Amino acid sequence: MFNIVVLVSGGGTNLQAIIDNVENGNLKDVRIAKVISNKGDAFALKRAAKHGIEGEVISPKSYPSRDIFNEALKTAIDAAEPDLIVLAGFLVVVPPVIIRAYRNRIINIHPSLIPSFCGKGFYGLKVHEEALKRGVKVTGATVHFVDEGTDTGPIIIQKAVYVEEGDTPEILQKRVMEQAEWIILSKAIELISQGKVYVEDGVAHIR
Ligand code: GAR
């Protein structure tokens with residue numbers, strides 16, 4: 001079995017897509033060992049519980065310092081012995097201590113075509129607000145490995161989505177999720193679990 005740990009902060013629709021793909025057999029030999037949230041009230045935790053998946057809350061507020069929170073997060077991840085860590089709407093900066101321990105074994109889904117609309121401050125609805133403000137006609141989503149920067153790691157898969165006249169950030173967010181995020185995040189997990197993704201000179205390739 002290929003063990004994954006999924007880190008979440010919110011609604012968990014990307015987590016749901018992974019759960020569905022595991023349950024319907026699209027993601028063969030993949031097991032969601034644990035879901036970790038930095039927020040106790042994240043709906044994603046309810047989704048996990050509904051499917052019998054262990055959920056754990058590691059909130060920075062519960063720890064006296066950021067370093068101690070970071071260590072607690074690493075301990076919670078290590079305990080599940082993951083082959084891959086999946087950031088599915090996880091809005092906490094992953095500390096270097098975890099990135100070093102899991103080099104090229106952490107992936108993130110970002111709701112734009114990186115390097116557009118990414119980096120510090122670009123998360124969730126904000127990304128779509130900025131895309132609409134700039135007037136781009138095509139946006140999309142990206143799955144990438146996580147390195148020490150913000151959205152700077154090797155790109156694994158991207159999928160383009162058209163912006164339509166009259167889109168609001170909410171409408172665009174939903175289209176990007178449906179047409180791109182929910183598909184490519186599971187696809188990346190599948191390819192990695194099958195050993196088909198490798199990184200060379202900072203660039204990810206699919207064999
Ligand atoms: C998703 O759109 C994801 O791409 C985004 O947060 C949303 C979480 O939704 N992530 C980022 O913006 C990371 N920079 P979900 O909880 O329903 O999966």
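As a basis for the values below, the full set of heavy atoms in this structure was taken, side chains included, without hydrogen atoms, waters or symmetry mates. Since the structure is predicted, the reported quantities are computational estimates derived from the model, not experimental observations. Remember, it's 1-based here, ligands and their atoms both numbered in the order they're listed.
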Need the ligand 1 atom indices (1-based, order shown) with element for anything under 4.0 Å from a heavy-atom of [X].
X: Gly11; result: 16 (O)
X: Gly124; result: 11 (C), 12 (O)
X: Phe122; result: 14 (N)

State whether [X] and [Y] are salt-bridged, where the test is any N-O pair (Lys NZ or Arg NE/NH1/NH2 against Asp/Glu carboxylate O) under 4.0 Å.
X: Lys133; Y: Glu129; value: no
X: Lys187; Y: Glu190; value: yes
X: Lys174; Y: Glu181; value: no

In the protein, what heavy atom is nearest to [atom], and what distance, to one decimal place, separates them?
atom: atom 6 (O) of ligand 1; answer: Gly89 CA, 3.8 Å
atom: atom 9 (O) of ligand 1; answer: Met177 CE, 3.4 Å
atom: atom 4 (O) of ligand 1; answer: Glu181 OE1, 2.7 Å
atom: atom 14 (N) of ligand 1; answer: His110 ND1, 3.3 Å
atom: atom 16 (O) of ligand 1; answer: Gly12 N, 2.7 Å

> Is the backbone N or O of Ile53 less than 3.5 Å from a side-chain atom of Lys34, with the two atoms forming a donor-acceptor pair by type?
Replying inline: no
>> Looking at every non-hydrogen atom in both residues, tell me the closest pair between Val163 and Arg175 and how far apart they are.
In response: CA-NH1, 4.1 Å
>> Are Val97 and Arg100 packed together at the side-chain level, in the sense that at least one heavy-atom pair is separated by less than 4.5 angstrom?
In response: yes
> Is there a side-chain contact between Cys118 and Thr150, using heavy atoms and a 4.5 Å cut-off?
Replying inline: no
>> Using heavy-atom distances only, which candidate in Ser9, Pro111, Ala180, Ala141 approaches atom 5 (C) of ligand 1 most closely?
In response: Pro111
Under 3.5 Å: N/O of [X] near N/O of ligand 1:
X: Asn108; value: no
X: Gln173; value: no
X: Asp151; value: no

> Taking it one step at a time, do Ser59 and Asn38 satisfy side chain to side chain donor-acceptor pair (under 3.5 Å)?
Replying inline: CA-CA 4 Å; Ser59 163; Asn38 63 310; over 6 Å; no
> Which value, rounded to the nearest 0.5 Å, describes the distance between Phe2 atom CZ and Asp29 atom CG?
Replying inline: 11.0 Å
>> If we only consider heavy atoms of Ile109, is any one of them less than 4.0 Å away from an atom in ligand 1?
In response: yes
